[in-house]
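Source: prediction; values computed, not measured.
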Amino acid sequence: MKKIIVALATLMTTAIQAQEVMSLSLKQAVDNALQYSKQLQASKQDVDIYKEKIRETMAAGLPDASAQLKGTTYFGKEMNFGGMPIKMENSLTLAASVSYTISLQQLASVKVSKIAASIYETTDESATLDVKANVTDTYYAILVYKRNLDLLANNLKDMEEIKNHTEHSFNAGVCEQTDVDQIKVTVAQLKNTIISTERSYEVTKRLLVLQMGLPISTKIEPSVELDEMIAESTTATMDSSNFDIKNNLTYKQMEKNLEMNEATLKMNKLAYVPTLTAQYSYSNAIKGGFMNFDHVGNLVLNVPLFNGFARESRIKQAKLNIAKTQTNMALLQDNLMQNEEQYRYELNSAIDAYLLQKENLEVAKRVLQNYKNKYNQGVLSSLDLTQANTNYLSAETSYANSIMTLLQAHTKLSKLYNNFNY
């Protein structure tokens, strides 16, 4: 029996350790996401695939070599040569050939492929930035839910004490049944709110686990206090004068597109340039053979003349793409500058709203405490007290919403600046 008890205790200890909660700061959450996020893994795989395509394009410009072992039989047939029958012998020939084409267009296509690969790398950077922003906002939401749960738990504790006090007062004949019922309704509503908030809290934590690429069963808890995040957002150091549009990843990608279009135009123009191909072949008649030459070399100059205006059309398309990209870059620059101004305005407005809601919350707290004191003294009805408590919870909700708006506004501006200091 003792052995069984020890074994069960060991299993329980192992199970508890397996469910150990992972305490995470915001930086740790972001680092985990950058390391394990499946979204980022897929993005990096796209970059690797395109790098292999570059190697494929470069390989097309390398020398082409091949070797053959050729066996020939004429099935005993004869050939009449000047009236003399000559029997055709079976033959076995070893041959090798090398050819190399010098093409400026091929060299230009390699450059186009490299630029295209750099576009994929910029896309990967953009995906990384998206992951940082999404994880940050989810972490903020977890902190806000956690704060709300702590607040609701404290409020429920206070209201249950008031409920017990009211029931004692009713039993003593000091108050009416409606006073007890009113407090009971408030307590029940608080419990339902807590259950709903707990569910949202757990769902949001699961979302963060998925964003980090961890197993869905992973248990996490935030290790950073919400006040720290608020302090960082209300003292944002990003200065509009330091906004460099070239650091924005969307603009970087557009610059790469323009560079690729210009390289494509050069490549298409080089289609008019002649290509030079050098060929060398060697054959060794191991057995038999007729009219065999050991060494043969060719030098071929190919001059493009006419191909149905296809080259001209490709050049025009490349020019139009350059003009279109330049127009889009100018439009993007205007939009980014407008977004910077708009996001900064939203952040400043969110800070003002947060400070206002914080002040309103302090007022609601004082009013509620005053009503509690009066209720305990018997000079205030339960209806007035529950209404004051409802007003207080409404002020807490508005305060929590202002916090989330503030934090999200800071994230949005940080993403525009490509400036997450993790």
Exercise. Can you tell me how far CG of Leu129 sits from CG of Asn419, rounded to the nearest 0.5 angstrom?
Worked result: 10.0 Å
Seminar exercise, completed: Residues pairing under side-chain hydrogen bond (donor to acceptor under 3.5 Å, both in side chains) where one sits in residues 389-400, two or more places apart or in two chains, turn out to be Arg147-Glu396, Asn155-Asn389, Tyr354-Tyr399, Gln387-Asn391, Tyr392-Glu396
For this session: Please collect all ring pair (Phe, Tyr, Trp, His ring centres under 6.0 Å) contacts where either partner lies in residues 303-353, sequence neighbours excluded, each pair once.
Result: Phe306-Phe309
Exercise. Any chance NZ of Lys146 has more than 12 other-residue heavy atoms, nucleotides or ligands included, within less than 6.0 Å?
Worked result: yes
Exercise. Got a sec, which pairs hit side-chain hydrogen bond (donor to acceptor under 3.5 Å, both in side chains) with one end in residues 323-335, sequence neighbours left out?
Worked result: Asn261-Thr325
Problem set entry | Residue that, paired with Gln211, satisfies side-chain hydrogen bond (donor to acceptor under 3.5 Å, both in side chains) out of Asn32, Thr138, Asn134 | Thr138
Problem set entry | Interatomic distance, Ile245 atom CD1 to Asn418 atom CG [nearest 0.5 angstrom] | 13.0 Å
Problem set entry | Side-chain donor-acceptor contact under 3.5 Å, Ser66 with Ser97 | yes
Problem set entry | Asn401: partners by side-chain hydrogen bond (donor to acceptor under 3.5 Å, both in side chains), with sequence neighbours left out | none
Exercise. Thr405 side chain to Ser402 main-chain N or O, any donor-acceptor pair under 3.5 Å?
Worked result: no
For this session: Enter the distance from Met22:CE to Glu20:CD here, rounded to the nearest 0.5 Å.
Result: 9.0 Å
For this session: Using the test side-chain hydrogen bond (donor to acceptor under 3.5 Å, both in side chains), find all partners of Ser99 that sit at least two apart in sequence or belong to another chain.
Result: none
Exercise. Less than 4.0 Å between a side-chain N and a carboxylate O, is that true for Glu340 and Arg344?
Worked result: yes
Problem set entry | Any residue meeting side-chain hydrogen bond (donor to acceptor under 3.5 Å, both in side chains) with Thr411, in chain and number order, not counting sequence neighbours | Asp137
Exercise. With Glu346, which residues qualify under salt bridge (charged side-chain N to carboxylate O under 4.0 Å, His left out), at least two apart?
Worked result: Lys412
Exercise. Can a salt bridge be assigned to the pair Lys252 and Glu255 using a cut-off of 4.0 Å between side-chain N and carboxylate O?
Worked result: no
Problem set entry | Sequence-distant partners of Glu359, side-chain hydrogen bond (donor to acceptor under 3.5 Å, both in side chains), two or more places apart | none
Exercise. For Tyr282, which residues count as a ring pair (Phe, Tyr, Trp, His ring centres under 6.0 Å) partner, sequence neighbours excluded?
Worked result: His295
Problem set entry | Pairwise side-chain contact, Gln408 with Tyr140, heavy-atom cut-off 4.5 Å (strictly under) | no
For this session: For Ser313 and Gln317, run side-chain hydrogen bond (donor to acceptor under 3.5 Å, both in side chains): C-alpha distance rounded to whole Å, both residues' side-chain angles, the deciding distance at 0.1 Å, then the answer.
Result: CA-CA 6 Å; Ser313 179; Gln317 290 179 52; 3.2 Å; yes
Problem set entry | Residue pairs passing the ring pair (Phe, Tyr, Trp, His ring centres under 6.0 Å) test where at least one lies in residues 108-131, sequence neighbours excluded | Tyr50-Tyr120
Seminar exercise, completed: For Lys319, the salt bridge (charged side-chain N to carboxylate O under 4.0 Å, His left out) test, sequence neighbours excluded, returns none
Problem set entry | Selection residues 190-203 - residue pairs positive for side-chain hydrogen bond (donor to acceptor under 3.5 Å, both in side chains), sequence neighbours left out | Tyr201-Glu221, Glu202-Lys205
